[in-house]
Amino acid sequence: SRFVCYEPGDRREQELRQVYLGFLEHLAGVLRCAAAAGAIRAIDPQLAAFMLSEMMNGCLRRRLVGLAEDTPPEADAQAVIDLFLHGVRGINPERNGQ
């Protein structure tokens with residue numbers, strides 16, 4: 001929430017927000033290239049970057065509150081990738097043998 005509702009005169013918050021927005025723009029650029037190459041469907045890259053970032057944050061929050069103690073971080077990363085690329089519909093060509 002600090003990235004959204006920052007105090008305009010607070011230099012530290014402004015710099016942190018710029019770093020965060022730079023990260024999102026980098027991520028959007030990667031998604032833009034992936035869409036241009038046909039690796040993912042066409043989607044607003046900025047929106048997709050925000051969504052992917054929030055998915056990653058959700059995994060981190062889950063760990064911080066102690067709900068993922070028995071799960072390796074790599075499993076979380078794979079879950080984010082799977083959910084981001086395949087959604088929740090259960091249509092995953094790798095799992096369904098298609």
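All values below were derived from every heavy atom in this structure, side-chain atoms included, with hydrogens, water molecules and symmetry-related copies excluded.
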Practice problem: Please report the closest heavy-atom contact between R41 and A35, naming both atoms and the distance. | Solution: O-CB, 4.0 Å
Exercise. Starting at CD of Q46, measure out to CD of E25 and round the result to the nearest 0.5 Å.
Key: 7.0 Å
Quiz prompt | F50 CZ to D44 CG distance, which is reported to the nearest 0.5 Å | solution = 10.0 Å
Self-check item: Co-members of L67 in a cluster of I, L, V, M, F, W and Y side chains, linked at under 4.5 Å
Solution: V65
Quiz item: Can V19 be reached from L52 by stepping across I, L, V, M, F, W or Y side chains whose heavy atoms are under 4.5 Å apart?
Solution: no
Quiz item: Honestly curious: do V30 and V80 fall in one hydrophobic cluster under the side-chain, below-4.5 Å linking rule?
Solution: no
Quiz item: Please walk me through it: do L31 and I40 pass side chain to side chain contact (heavy atoms under 4.5 Å, CB included)?
Solution: CA-CA 8 Å; L31 295 168; I40 62 172; 4.0 Å; yes
Quiz item: Linking Ile, Leu, Val, Met, Phe, Trp and Tyr by side-chain heavy atoms under 4.5 Å, what else ends up with L47?
Solution: M51
Practice problem: Scan R12, R17, R11 and name whichever one has a side-chain contact (heavy atoms from CB on, under 4.5 Å) with E15. | Solution: R11
Quiz item: In Å and rounded to the nearest 0.5 Å, what is the CD1 to CE distance from I81 to M55?
Solution: 10.0 Å
Quiz item: Which heavy atom in A49 sits nearest to a heavy atom in A28, and how many Å separate them?
Solution: CB-N, 3.7 Å
Self-check item: Step-by-step side chain to side chain contact (heavy atoms under 4.5 Å, CB included) determination, L27 to F23
Solution: CA-CA 6 Å; L27 194 52; F23 160 72; 4.1 Å; yes
Quiz prompt | For N57, all residues meeting side chain to side chain contact (heavy atoms under 4.5 Å, CB included), sequence neighbours excluded | solution = S53, E54, L60, R61
Quiz item: Rounded to the nearest 0.5 Å, what separation is found between the CG atom of D76 and the CD atom of Q78?
Solution: 11.0 Å
